[in-house]
Amino acid sequence: MMLLEIAVAAPIDQTLTYRLPVKISANPDGDGTISLIGRRVLVPLGGRKVTGYVLAEDVVASGEFKIRDIAEVLDVKPVFPCSLIALFRWISNYYHYPIGEVIRAALPAGMSPRSVRCLELVDSAREDERFLSLPDEKWRITLQEKGSLSAAATKELLASKVWKKTIQQFIKLGVLRLCESVTSDGVKEKMEVCYRLQHWLPQPSVDLPDESEIFQHYRRQLDAELGLELKLSEAKTLYYMKGLEEKSVDGTSPRKELLELYAGAAKGICDLKEKRLVTEQKKRVFRSPLGERLEFFPAPTELTDEQNVALAEIVPAIEQGGYTPFLLHGVTGSGKTEVYLQATAAALRQGKSVLVIVPEIALATQLEAHFVSRFGEQVVLLHSGLSASERFDQWSLAMSGEAKIVIGARSAIFAPLNDLGLIVVDEEHDAGLKQDDSLRYNGRDLAVVRAKQQGIVVLLASATPSVVSYHNALCGKYRLLTMDNRVGNRSLPKVTLIDLRKQQSSGKRSLFRPQLRKALEENFIAGRQSVILINRRGFSSNVLCQECGTPVQCRDCHVTLTLHRSTQQLLCHYCGYSVHEKTVCESCGSMQLVPVGFGTERVETELQEMLPLARVARLDTDTAKDRKAFLQTLKLMRGGEIDILVGTQMVAKGHHFPGVTLVGVVWADGGLAIPDYRAAEKTFQLITQVTGRAGRGDSPGEVYIQTMRPEHYAISLARTHSYRHLVEKELELRKNPAFPPFVRLVAIHIQGESEQDVERSASRIAAACRAAVKEKKSFVEILGPAPSPIDRVKKNYRWQVMIKAASIEILDALCSYVRQNQQELVSGRCKVMLDKDPENMM
DNA sequence: AGCACGCCGACT
DNA sequence: GTCGGCGTGCTC
């Protein structure tokens, strides 16, 4: 009797114990030694069946509960390697999320079936008068016509007050019945019918000039050897099969291809099967996600000195094995990709596999081209943009070891690679690495945890590392690698600041000051490309001093206040501090405080008016919704078919646009006004990243930055590319009031349809936390409750409580406390979500 | 999450 | 006096 530790796909914190009954064989193929760990099972839970993930075998039951039998073993081999189990447990514990849900989120969608109930009309009761006399409701007609209802329809019906009772009566009468069935996965391995020749056909001894001679040869041969009389169609089929077999790896001919060559094969195959000359088998096929040919990138003939220095540290670490975290700070254009490629090659030489995490699909596609150019077929792409079946295929390739390199967005951190030797995280500072719904994990942090657990090298890289990561490097937690120079000794672009506060003298007010306008015109005439960045973050309602450009800040929190017109208040979304909207500027005393913000399209329109002949394209959240269109725009830009690309942060990310020589930023300080303690850090990163788009080709780049606050350190330091000064300044500022890396944060989000319930719940949670930490000696602070910066989403009101603590233990204790007492703390139907290390403060 | 068990209002 | 509402609490 074997007991198993199983994580069920339900919100239960603990793992459960189930028995593997003797009648269920774990290994239907007869091999009794293969473990169940990492495989999926179907288990009874309460009154239904759900997917369970086997985490351990031969466990000891505590005897506290009755142990039920597994209903079914769903896989013949593991779907995730056992090395990931420790990561799943860590995540469950760290992010306070049920372990089964963690695994469900980690696996490709559609791999966690559950049982559903369908209402059926009992056949013998088809003519039941009581049933037939029911009103002509849709469900009754469907039942009569099809005999059964879909799971969704059944659920809806049983939830309705009007019909529940009637249905139950008919079930009692034996007219209707509820049938339990397991939802089909949706994602299945795609199988293909293949044929295999059972009799070896010798090549014709002499070169036979035409096909009909070959057919005759086959017929004579088989007649002589086996006494079989072949029809012409059979001989022809054999001939084409032989051709296909020679091309295939495993000596089989796919039915589809065979029929394309020779339609008569449909009949021929049937006859050949009867004669036992051909057998049929089903084979896995893999659907290629590569829509089109990838660009080829040749390997460089030599590396830069800095690349060599970095690799001289990374490669030995990979060869020796053991947990070694690196932070690679390499300016834009310094050739970080080549470092990833060389490091990957080193890991592959050790027989290890490699995981590459990027913040965004578009970047994955770009990196993929580099990796495929160097390593060919061993590379797979794993990201949410793939269809469920494509994702499943890529997953299987990684699991089976056929793919050695996985490139993907944050969820690829769960890639089922065995023998991992290296994890690379590109653009490690990017907020896109943080998942901001349901399980709120940070892909970069998980990369470090996975590397630590598996004792391998992790390489975090960025032109603008996050302040927290850089601080870790300064403290010695990470090994710091620096690349300060661009490949080919190209200089970083010259950055010019344009002060927006200086009044425009003449005529119509434009979003572009003369200097930028002139540069754009000249660049267009010279046939070169430009990029214009609009900092979308500046579009929320902030109040800015017209005289000095300073936004109104919170007294305690070092974040910008948000304008609430309805209440005429300026409100802090961290702690709830508020002032009347008519206030004075703290830095200059001016009363000239005005709300800011302008429309995105206006930038595009104005550019088009300015340069009617220019091909202008826009890249923002609106236009990026369609992934294909988004990638198409990037491709057009890369191919030089767009003159000016306008966009939000998206245009700034590590895209390689070789023809861009001019970059303009419409309003650089817009992002400084967002209510986020990292506003300055993010603004600096954005400007630096977009600046890096200029002058990557042969011509040196120019950058024009329009700003209300040229003297603000985030902007002035970006002008001089002074990353290290920015870090120093930020670290100084974050000591008081304390923010990461000096404290840890958790945001507790409360949302629900009733504003009152949400507010009351938030207050109770905050009060309970305050009471719980009264005695604590080490630093802990509870901020709020306060409405979330975006305080109403889809009919839901949102509030938040923020907890700052010096020790992670206190933070975790509070999280557990809130979760355990949720029932008492939360009123009505409010949802509570814990966000550890929050990235997006909105 | 589902689903069962369990305690208070509108009906026969 | 019953039926049935949906509030708490468990699921190996």
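- In this structure, the side chains of A:H96 and A:D812 come closer than 4.5 Å at one or more pairs of heavy atoms.
- For A:I748 against A:I765, the heavy-atom pair with the smallest separation is CD1-CG2, 4.0 Å.
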All N/O contacts under 3.5 Å from nucleotides 10-12 of chain C to the protein, with atom names and distances to one decimal?
unit_1, atom_1, unit_2, atom_2, d
C:dT11, O3', A:G46, N, 3.4
C:dC12, OP1, A:Y18, OH, 3.2
C:dC12, OP1, A:P44, O, 3.2
C:dC12, OP2, A:R68, NH1, 2.7
C:dC12, O3', A:T17, O, 2.8
C:dC12, O3', A:R68, N, 2.4
C:dC12, O2, A:T17, N, 2.6
C:dC12, O2, A:T17, OG1, 3.4

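- Between A:Y97 and A:S92 the shortest heavy-atom distance is O-OG, 2.7 Å.
- Using modelled atom types, one side-chain atom of A:K836 and one backbone atom of A:Y94 make a donor-acceptor pair closer than 3.5 Å.
- Bracketed by its first and final contacts, the part of DNA chain B lying under 4.0 Å from non-hydrogen atoms of chain A reaches from B:dA1 to B:dC3 in 5' to 3' order.
- A ring-centre distance under 6.0 Å is found for A:F80 and A:F88.
- Here the side chain of A:Q435 pairs no donor or acceptor atom with the backbone of A:S411 at under 3.5 angstrom.
- In this structure a side-chain-to-backbone donor-acceptor pair under 3.5 Å is missing from A:Q751 to A:K831.
- Rounded to a whole Å, the CD atom of A:Q820 is 17 Å from the C1' atom of C:dT8.
- Using a cut-off of 4.0 Å between Lys/Arg side-chain N and Asp/Glu carboxylate O, A:R410 and A:E839 are scored as not salt-bridged.
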